[in-house]
K.L.:
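Sharing a structure with you now.
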Amino acid sequence: MSTNEIKPIKEGKVREIYDNGDSLIMVATDRISCFDVILKNTIHKKGTVLTQMSKFWFDLTSDILPNHMLSTDVNDMPEYFRQPGFDGNSMLCRKLEMLPIECIVRGYITGSGWASYQENGTVCGIRLPEGLQESDKLPEPIYTPSTKADLGDHDENISFEQSVAHLEKLYPGKGQEYAEKLRDYTIALYKKCADYALTKGIIIADTKFEFGLDENGVIVVGDEILTPDSSRFWPADGYEPGHGQPSFDKQFARDWLKDNPDNDWTLPEEVAQKTIDKYLEAYERITGTPLA
């Protein structure tokens, strides 16, 4: 079969989605995006790390709520996908009606949350205790939803009440119920996975989830889950509040881009290599096995 016979129905910054009749095939590419821009580099094996790490977490959290994963074995997919470029980085998924909210949870204060707290003592409108330092653990994880932006636009932080109104507009009579379920599932998923990661020497500082409705109107977790692309992972050994922490995610690439404003959205080879090394180390620590 020629390689140009199947085209993705949707291309995100990192993922490509293919229609497979009553299911979808999500392919995590080796592209990397920072600050909502796709960089010119590709990061070898990154797509496989994202897909296999999502698989690990989907399996671990299936007791909390169902997820969209059907298989990561290309032998369960059409013949076109049984070629090296798709093996390991592709996931066969149930079709969902995705809900228009990015469900962000923060267990530690860092990044834009820290900047906001320094300004007025709040994160996304939530008042926090006084005297917190950068990277401090919060007394309880906080839920800070945002709207989903189109490719190239920025997501917009909204309050819980705004998320109710946003959902109510699309699902009359269901806004409050859906908003509460998204918040409660987000916190429950985060707590279980953050506790687990800590036993492997990794702090999950924050992460985001996406949810959809299945054909019966049941809320299901979809997209990716707890990858270095959607989360901040810090090494637990050496964790010390009062400053930024080293991380197992894109922060390394982001920092280099910030320090080198004439970057033309291209990472030097050694920064690209260091980035995938971080992803691989996080994967191996969390799953306990090297990437196949």
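One-based numbering along the sequence shown. The model shown is predicted, which means the values in this text are computed figures rather than measured ones.
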K.L.:
Would a hydrophobic clustering, with Ile, Leu, Val, Met, Phe, Trp and Tyr connected at side-chain separations under 4.5 Å, put Met69 with Leu189?
P.N.:
yes
K.L.:
As a quick check of understanding, evaluate side-chain hydrogen bond (donor to acceptor under 3.5 Å, both in side chains) for Tyr279 and Asp229, giving each step before the final call.
P.N.:
CA-CA 9 Å; Tyr279 277 58; Asp229 266 17; 2.5 Å; yes
K.L.:
Kindly list each side-chain donor-acceptor pair under 3.5 angstrom involving residues 215-224, sequence neighbours excluded, with atom names and distances?
P.N.:
unit_1, atom_1, unit_2, atom_2, d
Glu224, OE1, Arg15, NH2, 2.9
Glu224, OE1, Thr227, OG1, 2.7

K.L.:
Begin from the C-alpha positions of Glu180 and Gln176 and carry the test side-chain hydrogen bond (donor to acceptor under 3.5 Å, both in side chains) through to its verdict.
P.N.:
CA-CA 6 Å; Glu180 286 176 4; Gln176 186 75 30; 2.7 Å; yes
K.L.:
Are the side chain of Glu11 and the backbone of Pro8 linked by a donor-acceptor contact shorter than 3.5 Å?
P.N.:
no
K.L.:
Phe86 vs Tyr18 aromatic rings, parallel, tilted or perpendicular, using cut-offs 30° and 60°?
P.N.:
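Phe86 vs Tyr18 ring planes: perpendicular.
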K.L.:
Are Cys193 and Thr61 close enough that some pair of their side-chain heavy atoms sits under 4.5 Å apart?
P.N.:
yes
K.L.:
Donor-acceptor pair, distance only, cut-off 3.5 Å: does the side chain of Thr51 make one with the backbone of Thr48?
P.N.:
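Not a single qualifying donor-acceptor pair exists.
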K.L.:
Does the ring pair (Phe, Tyr, Trp, His ring centres under 6.0 Å) test come out yes or no for Phe233 and Tyr283, once each step is laid out?
P.N.:
CA-CA 11 Å; Phe233 292 153; Tyr283 176 84; over 10 Å; no
K.L.:
Honestly curious: do Ile202 and Tyr108 fall in one hydrophobic cluster under the side-chain, below-4.5 Å linking rule?
P.N.:
yes
K.L.:
Does the Ser90 side chain pair with the main chain of Val27, one donor and one acceptor, at a distance under 3.5 Å?
P.N.:
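No, Ser90 side chain to Val27 backbone: no donor-acceptor pair under 3.5 Å.
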K.L.:
Does this structure show an ion pair linking Arg285 with Glu281, if we count only N-O contacts that are shorter than 4.0 Å?
P.N.:
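A salt bridge is present here (some side-chain N lies under 4.0 Å from a carboxylate O).
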K.L.:
Please tell me if the side chains of Ser116 and Cys124 come closer than 4.5 Å, counting only heavy atoms from C-beta onward.
P.N.:
no
K.L.:
Using a strict threshold of under 4.0 Å (side-chain N to carboxylate O), is an ion pair present between Asp30 and Lys45?
P.N.:
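Not counted as a salt bridge, because no side-chain N and carboxylate O are separated by less than 4.0 Å.
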K.L.:
Whether Lys191 and Asp195 form a salt bridge (side-chain N of Lys/Arg under 4.0 Å from carboxylate O of Asp/Glu) is what I want to check.
P.N.:
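Looking at Asp195 and Lys191, the cut-off is not met.
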K.L.:
Could you please spell out the steps behind the side chain to side chain contact (heavy atoms under 4.5 Å, CB included) verdict for Val271 and Lys274?
P.N.:
CA-CA 5 Å; Val271 176; Lys274 189 95 185 273; 5.6 Å; no
K.L.:
Consider only side-chain heavy atoms of I, L, V, M, F, W and Y, link residues closer than 4.5 Å, and tell whether Leu128 and Tyr143 are in one cluster.
P.N.:
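Leu128 does not cluster with Tyr143.
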K.L.:
Using atom types as modelled and distance alone, determine if a side-chain donor or acceptor of Lys174 lies under 3.5 Å from a backbone N or O of Glu168.
P.N.:
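No, the answer is negative, given that no donor and acceptor are paired below the 3.5 Å cut-off.
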K.L.:
Is the shortest side-chain heavy-atom distance between Tyr171 and Leu213 below 4.5 Å?
P.N.:
yes
K.L.:
Does the Lys250 side chain pair with the main chain of Ser33, one donor and one acceptor, at a distance under 3.5 Å?
P.N.:
yes
K.L.:
My understanding is that only one of Ile6, Leu92, Asp87 makes a side chain to side chain contact (heavy atoms under 4.5 Å, CB included) with Phe81; could you say which?
P.N.:
Ile6
K.L.:
Is there a path of hydrophobic side-chain contacts, each under 4.5 Å between heavy atoms, that joins Ile187 and Phe58?
P.N.:
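Per the 4.5 Å side-chain linkage, Ile187 and Phe58 are co-clustered.
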K.L.:
After noting the C-alpha distance and the side-chain angles of Ser135 and Trp234, does the key distance pass the side chain to side chain contact (heavy atoms under 4.5 Å, CB included) rule?
P.N.:
CA-CA 10 Å; Ser135 306; Trp234 296 340; 3.8 Å; yes
K.L.:
Any donor-acceptor pair under 3.5 Å linking the side chain of Thr266 with the backbone of Lys40?
P.N.:
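It does not hold such a pair.
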K.L.:
Run the salt-bridge test on Asp214 and Lys95 with the 4.0 Å N-O cut-off and return the result as yes or no.
P.N.:
no
K.L.:
Does NZ or CZ of Arg183 come closer than 6.0 Å to the centre of the six-membered ring of Phe160, within 45° of the ring's axis?
P.N.:
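Relative to the ring axis of Phe160, which defines the angle, Arg183 lies inside both limits.
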K.L.:
Ignoring hydrogens, what is the shortest heavy-atom contact between Asn67 and Ser62? Give both atom names and the distance.
P.N.:
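Distance-wise, the nearest heavy atoms are ND2-CB, 4.3 Å.
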K.L.:
Which heavy atom of Ser23 sits nearest a heavy atom of Leu70, and at what distance?
P.N.:
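Minimum heavy-atom separation between Ser23 and Leu70: CB-CD1, 4.1 Å.
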K.L.:
Donor-acceptor pair, Asn89 side chain versus Ala28 backbone, under 3.5 Å?
P.N.:
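Yes, the answer is positive, given that a donor and an acceptor are paired below the 3.5 Å cut-off.
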K.L.:
So which heavy atom on Asp73 is nearest to which on Ser71, and how close?
P.N.:
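Closest approach of Asp73 to Ser71, heavy atoms only: N-OG, 2.9 Å.
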K.L.:
Minimum heavy-atom separation for Val123 to Gly113, with atom names?
P.N.:
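Heavy atoms of Val123 and Gly113 come nearest at CG2-O, 3.3 Å.
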K.L.:
With a 3.5 Å distance limit and no angle check, can you tell me whether Asn260 reaches the backbone of Leu257 through a side-chain donor-acceptor pair?
P.N.:
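No: the side chain of Asn260 does not pair with the backbone of Leu257.
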K.L.:
Do Asp22 and Arg94 pass the salt bridge (charged side-chain N to carboxylate O under 4.0 Å, His left out) test, and can you show the C-alpha distance, the side-chain angles, and the key distance before you say yes or no?
P.N.:
CA-CA 7 Å; Asp22 58 357; Arg94 297 157 65 186; over 6 Å; no
K.L.:
Could you check whether any side-chain heavy atom of Lys13 comes within less than 4.5 Å of a side-chain heavy atom of Asp36, counting everything from C-beta outward?
P.N.:
yes
K.L.:
Please round to the nearest 0.5 Å and tell me the distance separating atom CZ of Phe248 and atom CG of Asp277.
P.N.:
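Spacing of CZ (Phe248) from CG (Asp277) equals 11.5 Å.
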K.L.:
Would a distance-only check, ignoring hydrogens and angles, find a side-chain to backbone donor-acceptor pair under 3.5 Å from Tyr190 to Ile104?
P.N.:
no
K.L.:
So do the side chains of Leu167 and Leu99 get within less than 4.5 Å of each other, counting heavy atoms only?
P.N.:
yes
K.L.:
Any chance you could lay out the side chain to side chain contact (heavy atoms under 4.5 Å, CB included) test for Ser54 and Met91, step after step, and finish with the verdict?
P.N.:
CA-CA 9 Å; Ser54 286; Met91 184 179 286; 4.2 Å; yes
K.L.:
Test side chain to side chain contact (heavy atoms under 4.5 Å, CB included) on Thr289 and Glu284; report intermediate values, then the result.
P.N.:
CA-CA 5 Å; Thr289 56; Glu284 290 179 15; over 6 Å; no
K.L.:
Could you tell me which non-hydrogen atom of Leu24 sits nearest to which non-hydrogen atom of Asp19, and how far apart they are?
P.N.:
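Closest heavy-atom pair between Leu24 and Asp19: CD2-CA, 4.1 Å.
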K.L.:
Is there side-chain contact between Thr110 and Gln245, with at least one heavy-atom pair below 4.5 Å?
P.N.:
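They are not in side-chain contact.
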K.L.:
Begin from the C-alpha positions of Tyr178 and Tyr185 and carry the test ring pair (Phe, Tyr, Trp, His ring centres under 6.0 Å) through to its verdict.
P.N.:
CA-CA 10 Å; Tyr178 285 172; Tyr185 283 146; over 10 Å; no
K.L.:
Test Asn120 against Thr122 for side-chain hydrogen bond (donor to acceptor under 3.5 Å, both in side chains), laying out the working first.
P.N.:
CA-CA 6 Å; Asn120 55 29; Thr122 70; 2.7 Å; yes
K.L.:
Where the side chain of Asn263 meets the backbone of Trp265, is there a donor-acceptor pair that is under 3.5 Å apart?
P.N.:
yes
K.L.:
Determine whether Phe209 and Thr207 make a side-chain contact, defined as any pair of heavy atoms from C-beta on separated by less than 4.5 Å.
P.N.:
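They are in contact (side-chain heavy atoms under 4.5 Å apart), so the answer is yes.
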K.L.:
Can you tell me how far the CD1 atom of Ile225 sits from the CG atom of Leu50, to the nearest 0.5 Å?
P.N.:
13.0 Å
K.L.:
Let me check something: do Trp57 and Val49 share a hydrophobic cluster, defined by ILVMFWY side-chain heavy atoms less than 4.5 Å apart, either directly or through other members?
P.N.:
yes
K.L.:
Just checking Glu270: does its CD atom have more than 12 heavy atoms from other residues, nucleotides or ligands closer to it than 6.0 angstrom?
P.N.:
yes
K.L.:
Specify the closest pair of heavy atoms between Gln83 and Tyr80, including all atoms of both residues, with the distance to one decimal.
P.N.:
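Shortest heavy-atom separation between Gln83 and Tyr80 comes out as NE2-O, 2.7 Å.
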K.L.:
Under 4.5 Å between any side-chain heavy atoms of Leu280 and Leu291, yes or no?
P.N.:
yes
K.L.:
Using a strict 4.0 Å threshold on nitrogen-to-oxygen distance, state whether Asp63 and Lys192 make a salt bridge.
P.N.:
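A salt bridge links Asp63 with Lys192.
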K.L.:
Applying side-chain hydrogen bond (donor to acceptor under 3.5 Å, both in side chains), name anything that partners Asp259, two or more places apart in sequence or on another chain.
P.N.:
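Asp259 satisfies side-chain hydrogen bond (donor to acceptor under 3.5 Å, both in side chains) with no residue once adjacent residues are dropped.
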